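Numbers here are sequence positions counted from 1. Note that ligands are numbered from 1 as they come in the structure, with each ligand's atoms numbered from 1 the same way. Please read all numbers here as calculations on a predicted model, not as lab measurements.
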Amino acid sequence: MRYSQYFIPTVKETPSDAEVISHKLMLRAGMIRRLAAGIYNYLPLGLRSIRKVEAIVREEMNRAGAIEMLMPAVQPAELWKESGRWEFYGKELLRFKDRKDNEFCMGPTHEEVVTDLIRKEVRSYRQLPINLYQIQGKFRDEIRPRFGLMRGREFIMKDAYSFDVNEAGADVSYAKMYKAYRRIFERCGLKFRAVEADTGSIGGTSSHEFMVLADSGEDAIVSCSACEYAANMEKAETRNAPACEHADPRPLERVTTPGQKSVEEVAAFLGVNGAQVVKTLVLLADGEPVLALLRGDYDLNEIKLKNHLGCAEIEMAGDDVVQKVTGAPSGYAGPVGLPGKVKVVADLSLQGLHNFVVGANAADTHLKNVNLERDFSVDGFVDLRNVVLGDACPRCESGTLEIWRGIEVGHVFKLGTKYSKALKAGYLDADGKEQIIYMGCYGIGIGRTVAACIEQNHDENGIIFPIPIAPFQCIVSALSAKEDAVKETSEAIYQELLEAGIEVLLDDRDERPGFKFKDADLIGIPLRIVVGAKNLADGRVELKERRSGAVELLTIAEAVAKVKATVKEALQA
Ligand code: 9G3
């Protein structure tokens, strides 16, 4: 490809609305252009990287025995009504009507569509297992699309769905996908971790997220310093509180704490530390009030509470509900002397606590020296809190937990029978008996993978593409392209690389060297051959490796050979 005849609208200045580096660089490198909020044009350079990731995904899915198909982006509402999700999803599901007033949605995912296909086509156990996948545009009407391709509204996803005769079979399919995902992200040159994740609204029994480690990541992930344990913060488990030293229960004491509401205020006012103050959170679980008790220095993990209560919605209660449930304004709630019956769930961390402070369910008043059992009882002790740095690992005896930021690029789910039951997708077993199908589903964000790769591979000059997903593998920068020797030599190198199957971009523009070098660094092409009159006079060209910045003066043959060898080695993985 000749730069002068291609379309790479690079820009110098950083766009103001871009907040993360991958978004900034993809705009500046002429890879994407915004059409509307969360909706992007993939320009030629961006599309080449997207297609590289898709090719790696396709190879590994095929290697794992999955079969590619393509489902429609537009889905009939009937299937979503049958699965019960038409009502469950709100504005994120983009709905519309056709000319005959039939209801449709823009597909955000395809469990219903693929299960409908299977229930019509599969009747015998002999047809299972099967794993169907597609690489296709999804639409989710995110309330706040941002970060470019990282959180778009229309995005390309590879989504796969496995169908097995039983749970054991589904576990085998899951393991195959898990292995394929590791290969995919390794081949993309990403540093990633597979972490245990919450199954969220999709339902099902368990799931893993594939997280690319990046400080700009929206997700907090937790990993053990000693063993393989890793989990999304939403799911990361804590251990029972260390049985701290036993203390004799001291007499209960009411104390006036005017205007002291937060843990910090109350702790300071009473001269105790935050861990001696127990916070009482009033929440609504599917509209029902519930009290969650946590040690003051910990934070509630609402997903854990939601999963424990088995409710669909959970939210912090407003001041009016707090007043009604506790008889006091917000900031003074406590488990002692509640006016009425309300469910009280305590975090495990309370088990080791004695003589602690709680709200007195009266304005400007707290209770000191409160003790479990003597002063109040709870409906259960549950792991309700977010882990904190240094917590003991819940899986091994020696490790402690570290906390990272990550970008979710893949997510694999064991779905069980949630969709096959709802849509009656079954099969006849060897005895002719009707059985239910066990499913799994497996997603990868294609654009998000490119963006995450840039988050992990850039410097102050721009993108540093790993060879496997670089839009071009080599750029030939012809300096002072007017000079015949330079023109002929760069053309010859370009042709030789093309014939060798190298994806090469020839920068034949009539621009100053510095201008060309800046563009080459910005768009992140891994290898660069510079053809300049001075070195050429000595029969030399410059080979620069973008990542290390290493520059070598080589003969043309050496430079071409080195590019071929470097590319070959990088794709060997
Ligand atoms: C919706 C909307 C948004 C959604 C979903 C449904 C996420 C939804 C979860 C999944 C699970 C897996 C197959 C590929 C991998 C992920 N956001 N999810 O189901 F209607 Cl608006 O998509 N699906």
Quick check: do [X] and [Y] have side-chain heavy atoms less than 4.5 Å from each other?
X      : Y      : answer
Val412 : His208 : yes
Ser83  : Leu423 : yes
Asp459 : Arg546 : yes
Glu218 : Phe147 : yes

| Can you check whether Phe413 and Tyr161 have ring centres sitting under 6.0 Å from each other? |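 No, the ring of Phe413 stays outside the 6.0 Å limit from the ring of Tyr161, centre to centre.
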
Which bit of [X] gets closer than 4.0 Å to ligand 1, counting heavy atoms only: side chain, backbone, both or neither?
X      : value
Glu111 : side chain
Arg140 : side chain
Thr109 : side chain

For [X], counting its heavy atoms only, list the atoms of ligand 1 lying under 4.0 Å from any of them.
X      : value
Asp159 : 14 (C)
Glu92  : 3 (C), 21 (Cl)
Arg85  : 6 (C), 8 (C), 19 (O)
Trp80  : 20 (F)
Gly443 : 14 (C), 15 (C)
Phe413 : 11 (C), 12 (C), 16 (C)
Leu93  : 20 (F), 21 (Cl)

| Tyr161 heavy atom under 4.0 Å from ligand 1 | yes

| remark: If you compare Cys441, Pro108, Gly445 by their heavy atoms, the one closest to atom 1 (C) of ligand 1 turns out to be Pro108

| Under a 4.0 Å N-O cut-off, is there an ion pair linking Glu234 with Lys306? | no

| query | Taking the six-membered ring of Phe155, is the NZ or CZ of Arg448 close enough (under 6.0 Å from the centre) and on axis enough (within 45°)? | reply | no

| query | Hey, mind stepping through Trp86 and Arg95 against side-chain contact (heavy atoms from CB on, under 4.5 Å) and telling me if it holds? | reply | CA-CA 10 Å; Trp86 187 255; Arg95 308 155 202 255; 3.3 Å; yes

